[in-house]
2 protein chains.
Amino acid sequence: MSEHLGFSRSTVYRYLADLCEHGLLAQGSGNAFVLGPKIFSLEYRLRKSDPLTLAGRPIVQSLVEEFGGTALVNRLFRDRFICVEFETSLPEGQETHRRGQPMPLVRGANARAIQAHLPRHRLVRIYEENAAEFAASGLGRDFGELQTKLREVRAAGVCLSDGELRPGIVGIAAPILVGPDTVVGTLGFVDRSDALGDRRRKEIMAQVRLTARILSRQLS
Amino acid sequence: MSEHLGFSRSTVYRYLADLCEHGLLAQGSGNAFVLGPKIFSLEYRLRKSDPLTLAGRPIVQSLVEEFGGTALVNRLFRDRFICVEFETSLPEGQETHRRGQPMPLVRGANARAIQAHLPRHRLVRIYEENAAEFAASGLGRDFGELQTKLREVRAAGVCLSDGELRPGIVGIAAPILVGPDTVVGTLGFVDRSDALGDRRRKEIMAQVRLTARILSRQLS
DNA sequence: CAAGTTTTCCCATTATACGGGATTTTATTA
DNA sequence: TAATAAAATCCCGTATAATGGGAAAACTTG
């Protein structure tokens with residue numbers, strides 16, 4: 001560790017002792033270190049206090065009860081986009097998503113829902129940093145084209161992607177907004193393409209759009 | 001904040017900026033600060049890597065499927081004792097326990113299961129720090145009496161408490177051990193007293209004991 | 001039990017975090 | 001919209017606290 005971090009051995013010992021002392025690390029079996037109890041308690045606090053997580057839980061549960069598949073709430077931080085709540089009807093271990101997982105900001109329905117409501121300068125930044133990926137995935141060979149597509153998404157209030165992130169998987173997502181038009185996250189739904197007929201997709205899109213709007217209102 | 005923490009205003013601004021920078025805090029709506037995205041991703045890592053959590057999940061699920069009620073895995077850290085995995089058949093919001101919640105080390109079945117396998121000096125310390133509570137709850141007016149009781153628990157490999165922590169609630173717990181006799185946590189089961197007849201209790205105790213032993217072996 | 005290894009402890013040095021104050025930005029009111 | 005007040009950010013010299021070297025202690029291993 002000392003080598004890897006570029007600190008002297010004494011310093012590494014002290015660091016480890018301090019981190020353990022404060023519960024951020026813990027000595028696991030053998031001579032291994034694992035993340036400590038503080039992580040659990042911080043997550044517990046977060047879960048109990050974060051309004052998005054709190055309000056999102058019953059919603060994702062209801063969606064999955066109604067339509068099967070997987071439903072998730074994702075939260076946008078300054079630069080990261082993370083799944084903060086999810087529910088699935090899939091058997092244990094087969095989930096495609098999980099709490100805490102980083103979500104892509106470029107491709108997929110959830111990314112699109114975010115992009116559509118991002119202030120221009122933030123969108124530009126994302127576009128520039130990932131120009132190659134945008135071009136490769138077809139949507140937006142230039143920035144103008146992207147904007148046109150996003151304007152549609154914005155008008156619709158919900159968006160669908162089929163096989164854009166993973167082949168054979170459909171994603172449906174709607175933005176969660178606070179205030180007039182500030183996006184703080186998305187409500188997403190995911191299922192296998194062949195499990196969802198055209199009629200079903202429309203139905204789910206309508207529901208996701210509505211529930212995301214309810215969530216938005218609860219937070220405002 | 002500056003007043004409360006005893007730091008100058010500049011320092012507090014810098015702290016907040018740094019913490020946000022690293023994702024430990026995030027600026028919430030308004031001028032509030034909330035725990036940041038790093039908490040989610042750390043918890044995610046922990047969940048994916050911690051063997052106790054990993055191995056515990058299917059077990060608590062199966063127990064609840066079989067017997068209803070609530071099942072939990074608790075992990076003992078140096079000084080803290082925390083629920084790291086739980087499953088319940090109770091409707092949302094009515095759970096008595098949750099992931100991340102600190103568990104008591106003095107009273108209740110889980111506490112007893114830990115105490116019974118703690119090295120002497122650690123038990124002494126806990127006893128001394130909480131002598132009043134031990135005495136008040138009847139078990140162990142002196143250290144000798146406590147030891148006698150714990151010896152029984154240890155022999156049985158499982159223990160039951162009725163209304164010891166919360167009136168009308170039964171707890172059943174067995175220690176999770178690695179190596180010859182090092183306790184790292186407990187497997188617990190909780191339900192309403194009136195929902196469990198004598199026969200049922202015996203049945204569950206046997207199962208909890210067995211599954212805790214399986215868990216122990218998986219970890220060793 | 002001795003040789004080797006790991007861990008802890010201590011202290012002088014240096015680097016970096018701190019707070020005061022200047023500067024910029026945001027909010028408030030007339 | 002301008003003027004005033006308040007809040008937030010930035011900058012830099014000083015002082016404090018983190019660092020690494022090395023000695024001592026504890027633990028492994030042959």
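Chain naming here is simple, since letters A, B, ... match the order of the sequence lines and numbering starts at 1 in each. Worth knowing before you read on, the calculation uses all heavy atoms, side chains too, and leaves out hydrogens, waters and symmetry mates. Computed from a prediction, not measured in an experiment: that's the story for all the values here.
- The aromatic rings of B:Tyr127 and B:Phe143 stand perpendicular to each other, their planes meeting at an angle above 60°, with 30° marking the opposite boundary.
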Go through the steps to decide whether B:Leu150 and B:Leu146 satisfy the test side chain to side chain contact (heavy atoms under 4.5 Å, CB included), and finish with yes or no. CA-CA 6 Å; B:Leu150 292 181; B:Leu146 179 65; 3.9 Å; yes
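- Look at CD on B:Gln27: it is 16 Å from P on D:dA7, rounded to the nearest Å.
- A heavy atom lying under 4.0 Å from DNA chain D marks the following residues of residues 7-21 of chain A, by number: A:Phe7, A:Ser8, A:Ser10, A:Thr11, A:Arg14, A:Tyr15.
- For the atom pair B:Cys20 SG and B:Phe33 CZ, the distance stands at 5.0 Å (nearest 0.5 Å).
- Contact check on B:Asp50 versus B:Arg75 returns a salt bridge, with a Lys/Arg side-chain nitrogen under 4.0 Å from an Asp/Glu carboxylate oxygen.
- B:Glu164 has no carboxylate O lying under 4.0 Å from a charged side-chain N of B:Arg107, or vice versa, which leaves the two without a salt bridge.
- The existence of a salt bridge linking B:Lys38 and B:Glu21 is excluded, since no basic side-chain nitrogen approaches an acidic carboxylate oxygen closer than 4.0 Å.
- Considering OH of B:Tyr15 and OG of B:Ser10, their distance stands at 11.5 Å, rounded to 0.5 Å.
- Computed from C1' positions of five pairs at each end, the angle between the two local axes of the helix from C:dC1-D:dG30 to C:dA30-D:dT1 equals 60°, rounded to 10 degrees.
- Ring geometry for B:Phe77 against A:Phe40 counts as tilted: the plane angle lies between 30° and 60°, on a 0 to 90° scale.
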